[in-house]
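Contents: one structure, followed by commentary.
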Amino acid sequence: MAEVRFPEGFLWGAATAAYQIEGAVFEDGRGESIWDRFAHTPGKTFQGHTGDVACDHYHRYREDVALMRDLGLRSYRFSIAWPRVMPRGGGRVNEPGLDFYEGLVDELLGAGILPMATLYHWDLPQALQDAGGWPARATAEAFVAYADVVSQALGDRVKYWITHNEPMVVSVLGYFEGRHAPGIKDPAAALAASHHLLLSHGWAVPIIRRNSPESEVGITLNLSPAVPASPSAADFRAYRHLDGFINRWFLDPLYGRHYPADIVAHHIAEGALPPEGMVCVQDGDLEAIAVLTDFLGINYYTRWVLRSEDIPESENAPRTIFADGEKTDFDWEVYPDGLYEILSRVHFEYQPPKLYVTENGASYGDAPGPDGRVHDQRRLDYLHEHFMAAYRAIQCGVPLGGYFVWTLLDNFEWAEGYSQRFGIVWVDFETQQRIPKDSALWYKDVIAQNSLTLAF
Ligand code: FCB
């Protein structure tokens, strides 16, 4: 048996998002969000599931914080529902909405758990969508006002802030593919949305810093390492394109390098952008987006192996890489080395002062057995291997400050509804009973010892 130790003070935690767990969507003055509208539109989510009740966390947050304390979590990453705080996106502040988050933060601090707050985890107030949504510059301005209100209220107690969660998913799934709220399929709108998401981040950072001195402020991207399936030029092009589309499109402007020229050229050729390129970019925008942050949050789930669709398979070189690892119930390949790859790449190429894994986890449907326990050995193994990959990255000099497991509770998994269970705690959605799964009990030991045990 060997043991690997994590750095002193490593922030072990778990992550959640407001719409996925809170429920209580009609209570205490909360306004409608794009996810309420989307989930209530027939055909948009698995079997019409909605977040109306979800984990009922809004009413049970004290019990949930007690659960976190029992697991020994050092930090908890949650998101704030914009329509609870500002029901129409701008203007009037809804005090009961803010009270909820004050209560949650106080409960966490009382339990010795450091709160990490995400301002935007996809639940845009519907009123702002009706006025144009993220493709409109005014939404970026509204976000700054919202960030100001929240950081003034909580800035004395919350010391870790994330502006946005996964702007790639918001723009691509929400405005290009239409698989997420608001369900729009318009490439030009998606590109404008991506710019305004990043711009709103850049504008909000100094405001949050002013209201919450001594805090760490950053943004979270979902990054996936991509590799060509063979050494052919065609597969290399396919890989470069996907990497540009999902990774560099967001990393490059955040670290002062403008939008990647190859991807801009692609969008011009496809007609998604006019010949002049990103016309929504105004003077000063790129400087604002490249504001220095304290950390970059990375959400990692799987990798991409790219095979060209431009040439017939028979003309392509034989595959040398196969995405043939075991699959989770979400059909994502289990590929722990990808976490090491993406952490070291971001560290060496972009050099954020600090990194956090703000999400990593797996969907497995294991249910309580006759003994009343949930033996989710595959999730436990998944986490163990990914923690090891993070450890190797730390050994190579990556300044990784913490790791947030996705997710605390089984919850509303967006378009998949309740069909995918990512929690380390089982939730019975009929009774709202919670049962920590084997992975949670194992994680408790990892946190307590700040180390992993390796069996040879
Ligand atoms: C991420 C989201 C999170 C959850 C996981 C599975 O993209 O940030 O809310 O849905 O995927």
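Counting convention: from 1, in listed order, for ligands and their atoms alike. The first residue of the sequence shown is numbered 1, and numbering continues consecutively from there.
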Identify the protein heavy atom lying closest to [atom], giving its residue, its atom name and the separation to 0.1 Å.
atom	result
atom 3 (C) of ligand 1	Glu359 OE1, 3.4 Å
atom 7 (O) of ligand 1	Glu166 OE1, 2.6 Å
atom 5 (C) of ligand 1	Tyr301 OH, 3.3 Å

Counting only N and O atoms by type, is there a donor-acceptor contact under 3.5 Å from the side chain of [X] to the main-chain atoms of [Y]?
X	Y	value
Tyr403	Ala14	no
Arg421	Val427	yes
Arg137	His196	no
Glu102	Leu98	no

For ligand 1, note which part of Asn165 has a heavy atom under 4.0 Å away: side chain, backbone, both or neither.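 The answer is the side chain of Asn165.
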Sub-3.5 Å N/O-N/O distance, [X] and ligand 1:
X	value
Trp406	no
Trp122	no
Gln20	yes

With the threshold set at under 4.0 angstrom, would you say His121 reaches ligand 1 through any of its heavy atoms?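 Flag set, His121 near ligand 1.
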Below 4.0 angstrom, N of the basic side chain to O of the carboxylate: do Asp438 and Arg379 qualify?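 No, this pair does not count.
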Side chain to side chain contact (heavy atoms under 4.5 Å, CB included) with Pro115: which of Tyr160, Tyr101, Phe78?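 Only one option passes, and that is Phe78.
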